[in-house]
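Below: one structure, written as structure tokens.
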Amino acid sequence: MHETQILSTLPGVPESAPKSQGRARALVFDACDLGVVLRAVLFVEIVLAVGAMFGTQNPVEWVARLALLTGGALPATLAWLIAACSAKRLIQRLPTRGQYAAGVLLGALAGLWACAMLAFVGAAASPPWWASAATGALLAALLVVALALRARGRTPAATTARLTELQSRIRPHFLFNTLNSAIALVRAEPAKAESLLEDLSDLFRHALVEQGEAVTLAEELVLAQRYLGIEQVRFGERLQVQWQIDPRAGTALLPPLLLQPLVENAVKHGVEPSSWGGRLRVSTELRGSRVVVRITNTLPAESARIGAPRPGHGIALANVRARLALLHDVQAEFSAGVRGSLYEVRLTLPPKRATNSAETGHRSPATRKT
């Protein structure tokens with residue numbers, strides 16, 4: 001399970017534990033993210049670009065001054081980000097106000113460093129130490145506030161509504177159809193009926209129980225496998241499922257209950273409308289430093305002819321895209337569309353190695369074809 005450290009207690013420490021037993025304070029802001037670095041640098045550059053307009057007479061003079069200011073401010077911004085990331089364990093021990101103060105203090109020191117670098121190269125005859133420190137502190141305060149708001153958006157309380165919306169995608173008539181299939185199998189094939197009900201129970205257990213901020217890809221694959229096992233009973237030979245699973249990709253993290261709506265969409269729009277059924281393929285692959293997940297399905301004859309799937313509301317796809325961005329920011333990619341006679345959903349995730357036995361103890365579906 002993902003170790004949530006933003007606005008939560010440290011993993012392994014119960015919420016009810018007293019502070020004397022090591023309960024950790026909430027981490028107000030976390031600068032250890034590629035998307036944060038890119039946005040922070042862009043934000044500082046915009047501020048510098050506007051500030052450089054004052055006192056310049058033409059665009060050439062403005063560009064020259066902006067380049068000079070960037071030479072001092074950019075290293076200072078990166079130094080602030082590195083310091084805030086490296087010291088986050090220490091900062092987390094402080095009370096909330098102390099964490100804000102630490103971020104602002106680091107910003108003031110970064111501003112002094114920028115001023116010192118400009119003075120060292122002779123760009124400032126009389127270095128504005130106080131103004132540089134105040135500017136660094138102000139920019140750092142704005143960054144800390146932005147990071148705090150971003151962190152709050154990643155807490156379970158803020159994402160419950162989105163998770164609930166995806167959970168509701170397990171349609172009521174799917175439940176009724178599954179129960180009817182189980183009833184029909186009770187006398188003829190009781191073992192198969194029992195297996196069907198076990199898959200249904202496990203599916204709803206995952207859908208209705210709080211899973212936390214993230215789960216492993218291996219866990220999500222098991223859930224998708226159970227869902228497709230249920231649909232296999234309903235559709236029989238009309239549904240052909242192929243799994244191509246790379247075990248090395250299983251530790252990648254993604255929001256809970258993310259793959260199930262995607263495979264459900266594949267069955268609903270690719271298999272159910274077709275009289276002869278369809279094929280569905282789920283593949284995962286560790287490619288370099290990225291984990292690639294693909295879900296492809298054949299299209300009904302009419303949709304394949306016009307090159308577009310049957311129109312839907314797009315709720316599941318929009319929600320998947322939003323939740324991936326919430327968890328991985330710019331490090332995750334999501335795309336969906338028609339490729340020839342197939343409809344393909346593609347997810348690209350950053351890999352994560354298992355850090356404990358809990359992450360590696362889950363069963364993952366082997367490469368097989370049903």
Side-chain angles (χ1 to χ4, degrees), residues 1-5 11-12 34 166 195-196 198-203 205-207 209 211-232 239-267 270 279-298 316 320-321 323-336 339 342-370:
M1 192 64 64
H2 182 51
E3 296 181 358
T4 304
Q5 296 181 3
L34 177 61
L166 275 179
S195 177
L196 178 66
E198 287 177 353
D199 286 344
L200 181 64
S201 174
D202 192 68
L203 182 66
R205 179 175 62 84
H206 280 78
V209 175
Q211 299 293 318
E213 185 183 45
V215 296
T216 63
L217 176 59
E219 292 175 284
E220 283 291 286
L221 287 171
V222 170
L223 187 63
Q225 185 184 40
R226 292 189 180 278
Y227 173 82
L228 290 175
I230 294 173
E231 295 288 43
Q232 188 78 62
L239 174 60
Q240 300 177 30
V241 184
Q242 182 181 8
W243 299 88
Q244 291 187 345
I245 305 303
D246 186 346
R248 300 174 300 169
T251 57
L253 297 176
L254 65 169
L257 204 64
L258 194 86
L259 292 186
Q260 185 274 330
L262 296 178
V263 295
E264 180 185 354
N265 266 10
V267 172
R279 296 187 303 274
L280 191 152
R281 178 185 176 190
V282 181
S283 67
T284 65
E285 178 187 7
L286 179 61
R287 182 182 298 174
S289 60
R290 310 291 288 169
V291 170
V292 180
V293 182
R294 286 189 177 91
I295 301 173
T296 57
N297 62 271
T298 55
V320 167
R321 183 180 288 106
R323 295 181 69 211
L324 274 178
L326 197 64
L327 180 64
H328 291 301
D329 204 359
V330 297
Q331 298 182 71
E333 299 176 8
F334 177 84
S335 62
R339 293 181 179 273
L342 302 175
Y343 189 83
E344 179 182 274
V345 174
R346 186 176 186 271
L347 296 84
T348 305
L349 311 166
K352 183 182 187 300
R353 297 187 181 277
T355 55
N356 52 51
S357 59
E359 288 186 358
T360 57
H362 296 280
R363 178 175 60 88
S364 61
T367 301
R368 66 184 183 92
K369 186 174 181 180
T370 59

### Query
Under the 3.5 angstrom rule, does the side chain of Arg323 hit a backbone N or O of Pro256 as a donor-acceptor pair?
yes
## Note on the structure
Correct closest heavy-atom pair for Leu280 and Val263 would be CD1-O, 4.0 Å
### Task
Work out which heavy atom in Leu221 is nearest to a heavy atom in Leu259; give both atom names and the distance.
CD2-CD1, 3.8 Å
### Message
Test side-chain contact (heavy atoms from CB on, under 4.5 Å) on Gln232 and Leu228; report intermediate values, then the result.
### Response
CA-CA 6 Å; Gln232 188 78 62; Leu228 290 175; over 6 Å; no
### Task
Would you indicate whether the side-chain heavy atoms of Thr298 and Leu342 approach each other to under 4.5 Å?
yes
### Query
Quick check: does any side chain N or O of Arg290 sit under 3.5 Å from a backbone N or O of Gln331, one acting as donor and the other as acceptor?
yes
### Query
Are the side chain of Gln260 and the backbone N or O of Leu257 linked by a donor-acceptor pair below 3.5 Å?
no
### Task
State plainly whether the residues Arg346 and Glu344 are in salt-bridge range, i.e. N to O under 4.0 Å.
no
### Task
Sort and list the pairs that fulfil salt bridge (Lys or Arg N to Asp or Glu O under 4.0 Å) and have at least one residue in residues 248-258, not counting sequence neighbours.
Asp246-Arg248
### Task
Mark yes or no for whether Ser283, through its side chain, and Gln244, through its backbone, hold a donor-acceptor pair below 3.5 Å.
no
### Query
Is there a side-chain contact between Leu349 and Leu253 (heavy atoms, below 4.5 Å)?
no
### Option passing side-chain contact (heavy atoms from CB on, under 4.5 Å) with Glu333 (candidates Thr348, Leu324, Val292)
Thr348
### Task
Would you indicate whether the side-chain heavy atoms of Leu262 and Leu347 approach each other to under 4.5 Å?
yes
